[in-house]
Peer 1: 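The structure follows.
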There are 2 protein chains.
Amino acid sequence: MSMAANEKEFLKNYNIHDYDVPLTSVDIVIFTIIDDRVNVLITQRADFPFKGKWATPGGFIDVKNDQTIEATAIRKLKEKTGFDAPYLEQMGSIGNAKRDPRGWSVTVTYFALVNEHNVTFADDCCWCPLDENGETSTKLAFDHNLLIKEAFLRLQNKAQYSTIALHVLPEKFTLSELQQTYEIILGGKLNKAGFRRRILKANVIEKLEGESKQTATRTAQLYRKLDQEDVHFYMREIYAR
Amino acid sequence: MSMAANEKEFLKNYNIHDYDVPLTSVDIVIFTIIDDRVNVLITQRADFPFKGKWATPGGFIDVKNDQTIEATAIRKLKEKTGFDAPYLEQMGSIGNAKRDPRGWSVTVTYFALVNEHNVTFADDCCWCPLDENGETSTKLAFDHNLLIKEAFLRLQNKAQYSTIALHVLPEKFTLSELQQTYEIILGGKLNKAGFRRRILKANVIEKLEGESKQTATRTAQLYRKLDQEDVHFYMREIYAR
DNA sequence: TAAATAGTGTCTGTCAGACACTATGAC
DNA sequence: GTCATAGTGTCTGACAGACACTATTTA
(Lines give C-alpha, C1' and ligand atoms only; values in the text may rest on other atoms or scores of the structure.)
Protein backbone atom coordinates (compact mmCIF):
# COMPACT_ATOMS: atom_id res chain seq x y z
CA MET A 1 0.00 0.00 0.00
CA SER A 2 1.42 3.37 -0.96
CA MET A 3 1.27 6.56 1.11
CA ALA A 4 -1.10 8.79 -0.80
CA ALA A 5 -0.49 12.55 -0.93
CA ASN A 6 -4.10 13.42 -1.56
CA GLU A 7 -7.56 11.90 -1.80
CA LYS A 8 -7.58 11.58 -5.58
CA GLU A 9 -4.30 9.69 -5.59
CA PHE A 10 -5.47 7.53 -2.68
CA LEU A 11 -8.62 6.53 -4.51
CA LYS A 12 -6.72 5.81 -7.73
CA ASN A 13 -4.50 3.36 -5.89
CA TYR A 14 -7.19 1.86 -3.67
CA ASN A 15 -7.87 -1.81 -4.31
CA ILE A 16 -10.20 -3.74 -2.03
CA HIS A 17 -8.33 -6.95 -2.86
CA ASP A 18 -5.32 -5.66 -0.92
CA TYR A 19 -7.35 -6.42 2.24
CA ASP A 20 -8.87 -9.39 4.02
CA VAL A 21 -12.58 -8.86 3.65
CA PRO A 22 -15.68 -10.80 4.66
CA LEU A 23 -18.28 -12.28 2.34
CA THR A 24 -21.30 -10.00 2.22
CA SER A 25 -24.71 -11.31 1.22
CA VAL A 26 -28.46 -10.81 1.52
CA ASP A 27 -31.00 -13.33 2.82
CA ILE A 28 -34.78 -13.07 2.70
CA VAL A 29 -37.32 -14.88 4.85
CA ILE A 30 -40.56 -14.89 2.87
CA PHE A 31 -43.67 -15.69 4.87
CA THR A 32 -47.13 -16.68 3.79
CA ILE A 33 -50.03 -18.63 5.27
CA ILE A 34 -51.13 -21.93 3.72
CA ASP A 35 -53.67 -24.32 5.27
CA ASP A 36 -53.80 -22.46 8.57
CA ARG A 37 -50.05 -22.52 9.07
CA VAL A 38 -47.23 -20.04 8.63
CA ASN A 39 -44.91 -21.10 5.79
CA VAL A 40 -41.56 -19.82 4.56
CA LEU A 41 -40.14 -20.06 1.06
CA ILE A 42 -37.02 -22.19 0.77
CA THR A 43 -34.88 -22.95 -2.24
CA GLN A 44 -32.56 -25.80 -3.07
CA ARG A 45 -28.95 -24.70 -3.45
CA ALA A 46 -27.56 -25.22 -6.96
CA ASP A 47 -23.90 -24.68 -6.00
CA PHE A 48 -21.38 -25.29 -3.29
CA PRO A 49 -21.28 -24.86 -0.39
CA PHE A 50 -24.27 -26.91 0.85
CA LYS A 51 -25.07 -27.95 -2.75
CA GLY A 52 -28.46 -29.67 -2.84
CA LYS A 53 -29.43 -28.48 0.64
CA TRP A 54 -32.38 -26.19 1.26
CA ALA A 55 -31.93 -22.57 2.29
CA THR A 56 -33.73 -19.24 2.37
CA PRO A 57 -33.46 -17.24 -0.88
CA GLY A 58 -30.53 -14.88 -1.02
CA GLY A 59 -27.16 -14.26 -2.52
CA PHE A 60 -24.38 -11.84 -3.15
CA ILE A 61 -24.61 -8.20 -4.05
CA ASP A 62 -24.05 -7.57 -7.76
CA VAL A 63 -21.84 -4.51 -7.36
CA LYS A 64 -22.03 -3.79 -11.09
CA ASN A 65 -25.83 -3.69 -11.30
CA ASP A 66 -27.44 -3.33 -7.86
CA GLN A 67 -27.67 0.28 -6.74
CA THR A 68 -28.70 -0.45 -3.14
CA ILE A 69 -28.83 -3.39 -0.78
CA GLU A 70 -32.60 -3.32 -0.90
CA ALA A 71 -32.38 -3.62 -4.70
CA THR A 72 -30.36 -6.80 -4.19
CA ALA A 73 -33.10 -8.15 -1.91
CA ILE A 74 -35.86 -7.26 -4.38
CA ARG A 75 -33.90 -8.81 -7.27
CA LYS A 76 -33.47 -12.09 -5.37
CA LEU A 77 -37.10 -12.09 -4.31
CA LYS A 78 -38.26 -11.58 -7.88
CA GLU A 79 -35.96 -14.35 -9.16
CA LYS A 80 -37.48 -16.85 -6.76
CA THR A 81 -41.11 -15.79 -6.52
CA GLY A 82 -41.80 -13.82 -9.70
CA PHE A 83 -43.20 -11.15 -7.41
CA ASP A 84 -41.58 -7.81 -6.73
CA ALA A 85 -43.99 -5.81 -4.59
CA PRO A 86 -44.41 -7.54 -1.26
CA TYR A 87 -44.19 -6.12 2.20
CA LEU A 88 -40.41 -6.07 2.64
CA GLU A 89 -38.55 -4.96 5.74
CA GLN A 90 -34.91 -5.10 6.75
CA MET A 91 -34.54 -7.25 9.83
CA GLY A 92 -30.88 -6.91 10.80
CA SER A 93 -27.49 -8.31 9.99
CA ILE A 94 -25.72 -11.42 11.17
CA GLY A 95 -21.96 -11.50 10.87
CA ASN A 96 -19.39 -13.89 12.27
CA ALA A 97 -16.40 -16.04 11.42
CA LYS A 98 -18.20 -19.38 11.54
CA ARG A 99 -21.50 -19.16 9.71
CA ASP A 100 -20.11 -19.81 6.22
CA PRO A 101 -17.45 -22.45 5.45
CA ARG A 102 -15.92 -20.11 2.87
CA GLY A 103 -14.92 -17.68 5.61
CA TRP A 104 -16.02 -14.63 7.62
CA SER A 105 -19.53 -13.78 6.45
CA VAL A 106 -21.99 -10.94 6.91
CA THR A 107 -25.57 -11.28 5.74
CA VAL A 108 -28.13 -8.51 5.68
CA THR A 109 -31.48 -10.13 6.40
CA TYR A 110 -34.92 -9.10 5.19
CA PHE A 111 -38.32 -10.44 5.93
CA ALA A 112 -41.24 -10.34 3.52
CA LEU A 113 -44.95 -11.11 3.71
CA VAL A 114 -46.81 -12.25 0.61
CA ASN A 115 -50.12 -13.73 -0.34
CA GLU A 116 -49.69 -17.28 -1.54
CA HIS A 117 -51.46 -16.59 -4.84
CA ASN A 118 -49.12 -13.75 -5.81
CA VAL A 119 -46.23 -16.17 -5.99
CA THR A 120 -45.36 -18.31 -9.00
CA PHE A 121 -42.13 -19.75 -7.87
CA ALA A 122 -39.22 -21.41 -9.64
CA ASP A 123 -38.72 -25.19 -9.75
CA ASP A 124 -36.02 -25.09 -7.10
CA CYS A 125 -38.36 -23.55 -4.50
CA CYS A 126 -41.08 -24.75 -2.17
CA TRP A 127 -43.12 -23.61 0.80
CA CYS A 128 -42.02 -25.03 4.12
CA PRO A 129 -44.47 -25.03 7.05
CA LEU A 130 -43.32 -23.79 10.46
CA ASP A 131 -44.39 -25.11 13.83
CA GLU A 132 -45.62 -22.87 16.65
CA ASN A 133 -42.01 -22.04 17.56
CA GLY A 134 -41.02 -20.97 14.07
CA GLU A 135 -39.09 -24.16 13.44
CA THR A 136 -38.93 -26.29 10.31
CA SER A 137 -38.96 -30.08 10.33
CA THR A 138 -35.68 -30.25 8.38
CA LYS A 139 -32.21 -28.82 8.91
CA LEU A 140 -31.40 -26.05 6.46
CA ALA A 141 -28.06 -24.81 5.12
CA PHE A 142 -25.89 -22.29 7.03
CA ASP A 143 -27.62 -20.78 10.09
CA HIS A 144 -30.90 -20.42 8.23
CA ASN A 145 -32.97 -22.30 10.82
CA LEU A 146 -31.98 -19.64 13.32
CA LEU A 147 -32.59 -16.89 10.78
CA ILE A 148 -36.13 -18.11 10.17
CA LYS A 149 -36.82 -18.45 13.87
CA GLU A 150 -35.70 -14.88 14.52
CA ALA A 151 -37.82 -13.63 11.65
CA PHE A 152 -40.82 -15.57 12.97
CA LEU A 153 -40.44 -14.05 16.43
CA ARG A 154 -40.21 -10.61 14.86
CA LEU A 155 -43.36 -11.31 12.86
CA GLN A 156 -45.22 -12.45 15.98
CA ASN A 157 -44.02 -9.43 17.89
CA LYS A 158 -45.08 -6.96 15.22
CA ALA A 159 -48.45 -8.68 14.79
CA GLN A 160 -49.21 -7.85 18.43
CA TYR A 161 -49.32 -4.12 17.87
CA SER A 162 -49.52 -3.44 14.14
CA THR A 163 -51.51 -4.10 11.01
CA ILE A 164 -48.68 -6.10 9.43
CA ALA A 165 -50.75 -9.27 8.97
CA LEU A 166 -52.84 -7.50 6.31
CA HIS A 167 -50.06 -8.14 3.82
CA VAL A 168 -50.69 -11.89 3.86
CA LEU A 169 -54.28 -11.54 2.67
CA PRO A 170 -55.56 -11.39 -0.91
CA GLU A 171 -57.05 -8.23 -2.43
CA LYS A 172 -60.49 -8.83 -0.89
CA PHE A 173 -61.10 -10.51 2.43
CA THR A 174 -63.57 -10.73 5.30
CA LEU A 175 -62.93 -9.63 8.88
CA SER A 176 -63.13 -13.24 10.02
CA GLU A 177 -60.38 -14.17 7.55
CA LEU A 178 -58.25 -11.31 8.86
CA GLN A 179 -58.82 -12.41 12.43
CA GLN A 180 -57.89 -16.00 11.53
CA THR A 181 -54.66 -14.71 9.97
CA TYR A 182 -53.74 -12.96 13.22
CA GLU A 183 -54.66 -16.05 15.22
CA ILE A 184 -52.44 -18.27 13.07
CA ILE A 185 -49.47 -15.92 13.34
CA LEU A 186 -49.89 -15.30 17.06
CA GLY A 187 -50.79 -18.87 17.90
CA GLY A 188 -53.81 -18.02 20.04
CA LYS A 189 -57.48 -17.06 19.94
CA LEU A 190 -58.54 -13.42 19.79
CA ASN A 191 -61.67 -11.76 21.04
CA LYS A 192 -63.96 -11.04 18.09
CA ALA A 193 -65.64 -7.80 19.14
CA GLY A 194 -62.41 -6.29 20.39
CA PHE A 195 -60.48 -7.31 17.31
CA ARG A 196 -63.03 -5.73 14.98
CA ARG A 197 -63.20 -2.55 17.01
CA ARG A 198 -59.44 -2.07 16.88
CA ILE A 199 -58.89 -2.96 13.26
CA LEU A 200 -61.71 -0.69 12.09
CA LYS A 201 -60.53 2.15 14.29
CA ALA A 202 -57.02 1.85 12.81
CA ASN A 203 -58.51 2.98 9.50
CA VAL A 204 -56.41 0.72 7.33
CA ILE A 205 -59.15 -1.24 5.58
CA GLU A 206 -62.19 -0.20 3.57
CA LYS A 207 -65.60 -1.82 3.43
CA LEU A 208 -66.51 -2.86 -0.13
CA GLU A 209 -70.13 -1.67 -0.22
CA GLY A 210 -72.44 -4.30 -1.63
CA GLU A 211 -69.74 -6.93 -1.94
CA SER A 212 -69.95 -10.00 0.21
CA LYS A 213 -68.57 -13.48 0.33
CA GLN A 214 -70.44 -16.71 0.78
CA THR A 215 -69.10 -18.71 3.68
CA ALA A 216 -70.18 -22.11 4.97
CA THR A 217 -73.14 -20.67 6.85
CA ARG A 218 -73.96 -17.11 5.81
CA THR A 219 -72.56 -14.16 3.86
CA ALA A 220 -69.76 -11.95 5.16
CA GLN A 221 -68.86 -8.40 4.26
CA LEU A 222 -65.76 -8.01 2.08
CA TYR A 223 -63.05 -5.43 2.80
CA ARG A 224 -59.89 -4.34 1.06
CA LYS A 225 -56.62 -2.80 2.26
CA LEU A 226 -56.19 0.94 2.03
CA ASP A 227 -52.93 2.14 0.51
CA GLN A 228 -51.13 2.67 3.71
CA GLU A 229 -47.94 1.85 5.46
CA ASP A 230 -47.77 -0.46 8.41
CA VAL A 231 -49.88 1.11 11.15
CA HIS A 232 -49.27 0.63 14.84
CA PHE A 233 -52.13 0.54 17.25
CA TYR A 234 -50.59 0.04 20.62
CA MET A 235 -53.27 -2.05 22.20
CA ARG A 236 -52.89 -3.04 25.82
CA GLU A 237 -52.97 -6.68 24.99
CA ILE A 238 -54.15 -8.50 21.91
CA TYR A 239 -54.85 -11.84 23.51
CA ALA A 240 -58.19 -12.83 24.89
CA ARG A 241 -57.77 -14.46 28.27
CA MET B 1 -13.03 -20.53 -11.44
CA SER B 2 -12.84 -24.32 -11.55
CA MET B 3 -15.74 -26.75 -11.51
CA ALA B 4 -15.50 -28.44 -8.16
CA ALA B 5 -16.42 -32.12 -7.79
CA ASN B 6 -17.20 -31.90 -4.10
CA GLU B 7 -17.53 -29.43 -1.26
CA LYS B 8 -14.04 -29.99 0.10
CA GLU B 9 -12.44 -29.31 -3.27
CA PHE B 10 -14.69 -26.31 -3.80
CA LEU B 11 -13.68 -24.77 -0.47
CA LYS B 12 -9.99 -25.43 -1.13
CA ASN B 13 -10.16 -23.50 -4.39
CA TYR B 14 -12.46 -20.75 -3.14
CA ASN B 15 -10.91 -17.30 -3.13
CA ILE B 16 -13.01 -14.26 -2.31
CA HIS B 17 -10.70 -12.10 -4.41
CA ASP B 18 -11.97 -13.82 -7.57
CA TYR B 19 -15.15 -11.78 -7.10
CA ASP B 20 -16.25 -8.15 -7.08
CA VAL B 21 -17.19 -7.51 -3.49
CA PRO B 22 -18.39 -4.49 -1.53
CA LEU B 23 -16.60 -2.82 1.34
CA THR B 24 -18.14 -3.96 4.62
CA SER B 25 -17.83 -1.86 7.76
CA VAL B 26 -19.39 -1.06 11.12
CA ASP B 27 -20.50 2.38 12.35
CA ILE B 28 -21.58 3.33 15.85
CA VAL B 29 -23.68 6.29 16.91
CA ILE B 30 -22.88 6.90 20.57
CA PHE B 31 -25.35 9.10 22.44
CA THR B 32 -25.07 10.87 25.73
CA ILE B 33 -26.64 13.93 27.35
CA ILE B 34 -24.52 16.96 28.20
CA ASP B 35 -25.86 20.34 29.36
CA ASP B 36 -29.48 19.41 28.67
CA ARG B 37 -28.77 18.36 25.07
CA VAL B 38 -28.35 15.09 23.25
CA ASN B 39 -24.77 14.67 22.00
CA VAL B 40 -23.08 12.14 19.74
CA LEU B 41 -19.45 11.13 19.74
CA ILE B 42 -17.56 12.00 16.56
CA THR B 43 -13.97 11.32 15.61
CA GLN B 44 -11.60 13.03 13.19
CA ARG B 45 -10.53 10.77 10.35
CA ALA B 46 -6.80 10.00 10.31
CA ASP B 47 -6.77 8.53 6.81
CA PHE B 48 -8.24 8.90 3.36
CA PRO B 49 -10.96 9.11 2.26
CA PHE B 50 -12.28 12.25 4.00
CA LYS B 51 -8.96 12.66 5.86
CA GLY B 52 -9.32 15.31 8.55
CA LYS B 53 -13.13 15.32 8.39
CA TRP B 54 -15.32 14.31 11.30
CA ALA B 55 -17.28 11.07 11.31
CA THR B 56 -18.97 8.59 13.66
CA PRO B 57 -16.63 5.93 15.09
CA GLY B 58 -16.40 2.78 13.04
CA GLY B 59 -14.24 0.78 10.72
CA PHE B 60 -13.64 -2.48 8.99
CA ILE B 61 -14.07 -5.96 10.37
CA ASP B 62 -10.79 -7.55 11.42
CA VAL B 63 -11.47 -10.99 9.96
CA LYS B 64 -8.42 -12.42 11.70
CA ASN B 65 -9.40 -11.33 15.21
CA ASP B 66 -13.07 -10.36 15.44
CA GLN B 67 -15.33 -13.35 16.04
CA THR B 68 -18.63 -11.54 15.44
CA ILE B 69 -19.83 -8.27 13.99
CA GLU B 70 -20.87 -7.13 17.44
CA ALA B 71 -17.31 -7.79 18.61
CA THR B 72 -16.14 -5.41 15.90
CA ALA B 73 -18.53 -2.77 17.19
CA ILE B 74 -17.44 -3.25 20.81
CA ARG B 75 -13.76 -3.11 19.80
CA LYS B 76 -14.26 0.19 17.94
CA LEU B 77 -16.29 1.60 20.81
CA LYS B 78 -13.60 0.71 23.32
CA GLU B 79 -10.87 2.22 21.11
CA LYS B 80 -12.66 5.56 21.01
CA THR B 81 -14.30 5.80 24.41
CA GLY B 82 -12.27 3.52 26.67
CA PHE B 83 -15.63 2.02 27.67
CA ASP B 84 -16.83 -1.42 26.70
CA ALA B 85 -20.13 -2.02 28.48
CA PRO B 86 -22.68 0.44 27.21
CA TYR B 87 -26.19 -0.13 26.03
CA LEU B 88 -25.49 -1.30 22.47
CA GLU B 89 -28.07 -2.21 19.88
CA GLN B 90 -27.85 -3.03 16.19
CA MET B 91 -29.80 -0.47 14.22
CA GLY B 92 -29.70 -1.76 10.65
CA SER B 93 -27.51 -1.75 7.59
CA ILE B 94 -27.03 0.80 4.86
CA GLY B 95 -25.61 -0.42 1.56
CA ASN B 96 -25.33 1.26 -1.80
CA ALA B 97 -22.96 2.08 -4.66
CA LYS B 98 -22.52 5.76 -3.80
CA ARG B 99 -21.95 6.22 -0.10
CA ASP B 100 -18.18 5.59 -0.17
CA PRO B 101 -15.84 6.98 -2.86
CA ARG B 102 -13.83 3.73 -2.72
CA GLY B 103 -16.79 1.80 -4.12
CA TRP B 104 -19.90 -0.20 -3.20
CA SER B 105 -20.17 -0.10 0.57
CA VAL B 106 -22.25 -1.82 3.23
CA THR B 107 -22.16 -0.60 6.81
CA VAL B 108 -23.77 -2.34 9.76
CA THR B 109 -24.88 0.41 12.12
CA TYR B 110 -25.16 0.29 15.90
CA PHE B 111 -26.39 2.78 18.39
CA ALA B 112 -25.13 3.09 21.94
CA LEU B 113 -26.16 5.04 25.04
CA VAL B 114 -23.55 5.98 27.64
CA ASN B 115 -23.20 8.19 30.65
CA GLU B 116 -20.84 11.05 29.93
CA HIS B 117 -18.63 10.24 32.92
CA ASN B 118 -17.99 6.66 31.82
CA VAL B 119 -16.18 7.93 28.74
CA THR B 120 -12.52 8.93 28.62
CA PHE B 121 -12.13 9.46 24.97
CA ALA B 122 -9.13 9.65 22.68
CA ASP B 123 -7.64 12.95 21.40
CA ASP B 124 -9.25 12.57 18.01
CA CYS B 125 -12.79 12.50 19.46
CA CYS B 126 -15.29 15.01 20.76
CA TRP B 127 -18.96 15.28 21.72
CA CYS B 128 -21.14 16.98 19.17
CA PRO B 129 -24.52 18.43 20.26
CA LEU B 130 -27.62 17.69 18.21
CA ASP B 131 -30.53 20.02 17.60
CA GLU B 132 -34.15 18.98 18.15
CA ASN B 133 -34.17 17.27 14.74
CA GLY B 134 -31.09 15.17 15.41
CA GLU B 135 -28.91 17.34 13.19
CA THR B 136 -25.36 18.54 13.76
CA SER B 137 -24.15 22.04 12.93
CA THR B 138 -21.38 20.70 10.70
CA LYS B 139 -21.29 18.39 7.70
CA LEU B 140 -19.74 15.02 8.50
CA ALA B 141 -17.94 12.49 6.29
CA PHE B 142 -19.83 9.92 4.18
CA ASP B 143 -23.58 9.78 4.91
CA HIS B 144 -23.00 10.09 8.64
CA ASN B 145 -25.33 13.07 9.09
CA LEU B 146 -28.14 10.87 7.84
CA LEU B 147 -26.95 7.97 9.96
CA ILE B 148 -27.05 10.09 13.12
CA LYS B 149 -30.47 11.47 12.26
CA GLU B 150 -31.89 7.97 11.80
CA ALA B 151 -30.34 6.85 15.07
CA PHE B 152 -31.79 9.89 16.83
CA LEU B 153 -35.29 9.17 15.53
CA ARG B 154 -34.93 5.58 16.68
CA LEU B 155 -33.84 6.78 20.11
CA GLN B 156 -36.83 9.13 20.36
CA ASN B 157 -39.16 6.39 19.22
CA LYS B 158 -37.88 3.87 21.74
CA ALA B 159 -37.94 6.42 24.54
CA GLN B 160 -41.70 6.73 24.02
CA TYR B 161 -42.44 3.21 25.15
CA SER B 162 -39.38 1.81 26.89
CA THR B 163 -36.94 2.33 29.71
CA ILE B 164 -34.03 2.91 27.34
CA ALA B 165 -33.20 6.38 28.68
CA LEU B 166 -32.03 4.81 31.95
CA HIS B 167 -28.75 3.97 30.26
CA VAL B 168 -27.74 7.61 29.97
CA LEU B 169 -27.85 8.17 33.73
CA PRO B 170 -25.07 7.63 36.26
CA GLU B 171 -25.16 4.85 38.85
CA LYS B 172 -27.37 6.82 41.24
CA PHE B 173 -30.00 9.32 40.18
CA THR B 174 -33.24 10.96 41.26
CA LEU B 175 -36.62 10.56 39.58
CA SER B 176 -36.53 14.21 38.54
CA GLU B 177 -33.22 13.62 36.78
CA LEU B 178 -34.68 10.62 35.01
CA GLN B 179 -37.68 12.62 33.93
CA GLN B 180 -35.43 15.43 32.65
CA THR B 181 -33.49 12.85 30.61
CA TYR B 182 -36.70 11.69 28.95
CA GLU B 183 -37.76 15.27 28.34
CA ILE B 184 -34.46 16.12 26.66
CA ILE B 185 -34.58 13.08 24.40
CA LEU B 186 -38.25 13.48 23.53
CA GLY B 187 -38.11 17.26 23.23
CA GLY B 188 -41.22 17.90 25.32
CA LYS B 189 -42.53 18.16 28.86
CA LEU B 190 -43.89 15.14 30.69
CA ASN B 191 -46.48 14.88 33.41
CA LYS B 192 -44.74 14.28 36.73
CA ALA B 193 -47.23 12.07 38.55
CA GLY B 194 -47.89 9.93 35.50
CA PHE B 195 -44.22 9.56 34.71
CA ARG B 196 -43.39 8.40 38.22
CA ARG B 197 -46.29 5.99 38.31
CA ARG B 198 -45.22 4.31 35.08
CA ILE B 199 -41.52 4.12 35.77
CA LEU B 200 -42.03 2.66 39.25
CA LYS B 201 -44.59 0.17 37.96
CA ALA B 202 -42.11 -0.99 35.29
CA ASN B 203 -39.96 -2.31 38.12
CA VAL B 204 -36.63 -1.39 36.57
CA ILE B 205 -35.25 0.89 39.28
CA GLU B 206 -34.70 0.44 42.98
CA LYS B 207 -35.06 2.98 45.75
CA LEU B 208 -31.80 3.42 47.71
CA GLU B 209 -33.19 3.47 51.23
CA GLY B 210 -31.75 6.31 53.26
CA GLU B 211 -29.81 7.79 50.36
CA SER B 212 -30.81 11.17 49.08
CA LYS B 213 -29.36 13.97 47.03
CA GLN B 214 -29.30 17.63 47.86
CA THR B 215 -30.85 19.70 45.09
CA ALA B 216 -31.23 23.48 44.86
CA THR B 217 -34.30 23.50 47.09
CA ARG B 218 -34.73 20.25 48.98
CA THR B 219 -33.50 16.66 49.13
CA ALA B 220 -34.53 14.04 46.62
CA GLN B 221 -34.63 10.27 46.92
CA LEU B 222 -31.88 8.42 45.04
CA TYR B 223 -32.55 5.36 42.89
CA ARG B 224 -30.42 2.95 40.94
CA LYS B 225 -31.02 0.77 37.89
CA LEU B 226 -31.89 -2.86 38.40
CA ASP B 227 -29.96 -5.36 36.31
CA GLN B 228 -32.49 -5.68 33.62
CA GLU B 229 -32.83 -5.53 29.88
CA ASP B 230 -34.67 -2.79 28.11
CA VAL B 231 -38.28 -2.95 29.32
CA HIS B 232 -41.25 -1.87 27.26
CA PHE B 233 -44.22 -0.32 28.93
CA TYR B 234 -46.66 0.45 26.18
CA MET B 235 -48.20 3.58 27.54
CA ARG B 236 -50.97 5.18 25.55
CA GLU B 237 -49.05 8.39 25.21
CA ILE B 238 -46.07 9.71 27.07
CA TYR B 239 -46.60 13.39 26.40
CA ALA B 240 -48.53 15.67 28.67
CA ARG B 241 -50.87 17.82 26.64
C1' DT C 1 -41.83 34.54 55.62
C1' DA C 2 -41.45 33.36 50.15
C1' DA C 3 -39.69 30.51 46.55
C1' DA C 4 -38.74 26.30 44.40
C1' DT C 5 -38.66 21.72 43.68
C1' DA C 6 -39.91 16.80 45.59
C1' DG C 7 -43.45 13.97 45.92
C1' DT C 8 -48.72 12.38 46.50
C1' DG C 9 -53.93 11.87 45.99
C1' DT C 10 -57.64 11.68 43.15
C1' DC C 11 -60.82 12.45 39.25
C1' DT C 12 -62.06 11.39 34.50
C1' DG C 13 -62.18 9.76 29.79
C1' DT C 14 -60.66 6.10 27.02
C1' DC C 15 -60.46 1.52 25.77
C1' DA C 16 -59.14 -3.57 25.99
C1' DG C 17 -61.19 -7.66 27.45
C1' DA C 18 -65.28 -10.17 28.34
C1' DC C 19 -69.52 -11.87 27.13
C1' DA C 20 -74.09 -12.03 25.86
C1' DC C 21 -76.82 -10.97 22.38
C1' DT C 22 -78.98 -10.55 17.47
C1' DA C 23 -78.76 -11.53 12.29
C1' DT C 24 -78.40 -14.36 8.36
C1' DG C 25 -78.06 -18.19 5.44
C1' DA C 26 -77.36 -23.51 4.65
C1' DC C 27 -79.46 -27.66 5.64
C1' DG D 1 -87.10 -25.66 12.75
C1' DT D 2 -81.38 -26.39 13.95
C1' DC D 3 -76.69 -25.18 13.41
C1' DA D 4 -72.90 -22.36 12.46
C1' DT D 5 -70.83 -18.29 11.69
C1' DA D 6 -71.32 -12.99 10.95
C1' DG D 7 -71.75 -9.15 13.38
C1' DT D 8 -73.33 -5.87 17.52
C1' DG D 9 -74.24 -3.81 22.29
C1' DT D 10 -72.71 -3.04 26.67
C1' DC D 11 -70.39 -3.61 31.13
C1' DT D 12 -66.11 -3.30 33.76
C1' DG D 13 -61.47 -2.75 35.34
C1' DA D 14 -57.14 -0.65 34.25
C1' DC D 15 -54.73 3.30 33.55
C1' DA D 16 -52.91 7.61 31.08
C1' DG D 17 -53.46 12.34 31.46
C1' DA D 18 -54.64 16.20 34.20
C1' DC D 19 -54.24 18.89 38.10
C1' DA D 20 -54.38 20.25 42.63
C1' DC D 21 -52.48 19.35 46.70
C1' DT D 22 -48.83 18.51 50.58
C1' DA D 23 -43.79 18.17 52.10
C1' DT D 24 -39.23 19.78 52.61
C1' DT D 25 -35.40 22.54 52.08
C1' DT D 26 -32.83 27.20 51.00
C1' DA D 27 -32.61 32.00 51.39
Side-chain angles (χ1 to χ4, degrees), chain A residues 36 159-163 165 169 172-184 186 188-224 231-241, chain B residues 36 159-163 165 169 172-184 186 188-224 231-241:
Chain A
D36 294 345
Q160 297 228 6
Y161 59 84
S162 84
T163 58
L169 290 162
K172 298 174 181 184
F173 53 88
T174 68
L175 287 184
S176 291
E177 286 166 349
L178 180 57
Q179 184 173 343
Q180 278 161 37
T181 301
Y182 270 92
E183 288 175 346
I184 291 162
L186 292 169
K189 287 286 173 195
L190 303 181
N191 177 274
K192 185 163 59 168
F195 180 79
R196 283 164 188 246
R197 222 190 294 127
R198 279 204 309 275
I199 207 82
L200 292 173
K201 190 166 183 298
N203 218 42
V204 287
I205 59 173
E206 182 182 53
K207 188 188 280 191
L208 290 161
E209 293 294 348
E211 295 192 59
S212 58
K213 181 176 182 175
Q214 197 54 243
T215 69
T217 54
R218 56 170 285 195
T219 57
Q221 175 65 50
L222 281 169
Y223 289 80
R224 71 175 183 81
V231 169
H232 290 236
F233 40 64
Y234 293 111
M235 68 280 288
R236 300 232 188 101
E237 184 134 5
I238 201 172
Y239 287 103
R241 250 170 289 196
Chain B
D36 294 346
Q160 296 229 5
Y161 59 83
S162 84
T163 58
L169 291 163
K172 298 174 181 185
F173 53 88
T174 68
L175 288 183
S176 292
E177 287 165 350
L178 181 57
Q179 184 173 344
Q180 278 160 38
T181 300
Y182 271 92
E183 289 173 344
I184 291 162
L186 293 169
K189 286 287 172 195
L190 304 180
N191 177 273
K192 186 164 58 169
F195 179 80
R196 282 165 187 245
R197 223 190 293 126
R198 277 204 309 275
I199 208 81
L200 291 173
K201 190 167 184 298
N203 218 44
V204 288
I205 60 173
E206 181 182 54
K207 188 188 281 193
L208 289 162
E209 294 295 348
E211 294 192 58
S212 58
K213 181 176 181 173
Q214 196 54 242
T215 68
T217 55
R218 58 170 284 193
T219 57
Q221 175 66 50
L222 281 169
Y223 289 80
R224 70 174 183 83
V231 168
H232 290 235
F233 39 64
Y234 294 112
M235 69 279 289
R236 301 228 187 105
E237 185 132 7
I238 201 174
Y239 287 104
R241 251 171 288 197

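Below, read A as the first sequence line, B as the second, and so on, with proteins coming before strands; counting in each chain starts at 1. Hydrogens, waters and symmetry mates are skipped; everything else that's a heavy atom, side chains included, is used.
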Peer 1: Rounded to whole Å, how long is the line connecting atom CG of Asn191(B) with atom C1' of dT10(C)?
Peer 2: 13 Å
Peer 1: Is any side-chain heavy atom of Tyr223(B) less than 4.5 Å from a side-chain heavy atom of Leu178(B)?
Peer 2: no
Peer 1: Please give, in whole Å, the distance from dG25(C) P to Gln214(A) CD?
Peer 2: 8 Å
Peer 1: Would you mind reading off the distance between Lys201(B) atom NZ and dC15(D) atom C1', rounded to a whole angstrom?
Peer 2: 8 Å
Peer 1: Just how far, in rounded Å, is P of dT25(D) from NZ of Lys213(B)?
Peer 2: 16 Å
Peer 1: Between Ser176(A) and Arg196(A), does any side-chain donor sit less than 3.5 Å from a side-chain acceptor?
Peer 2: yes
Peer 1: Generate the contact string for nucleotides 1-9 of chain D. Rules: B means base contact, S means sugar-phosphate contact only, - means no protein heavy atom under 4.0 Å.
Peer 2: ---BBBBBB
Peer 1: Would you call Glu211(B) and Arg224(B) a salt bridge, using N to O less than 4.0 angstrom?
Peer 2: no
Peer 1: State which residue, out of Glu177(A), Lys172(A), Gln221(A), fulfils the side-chain contact (heavy atoms from CB on, under 4.5 Å) condition with Lys213(A).
Peer 2: Glu177(A)
Peer 1: Would you say Ile205(A) and Leu175(A) make side-chain contact, with heavy atoms under 4.5 Å?
Peer 2: yes
Peer 1: Just so I know, are the side chains of Glu183(B) and Gln179(B) near enough to count as touching, which here means a heavy-atom distance under 4.5 Å?
Peer 2: yes
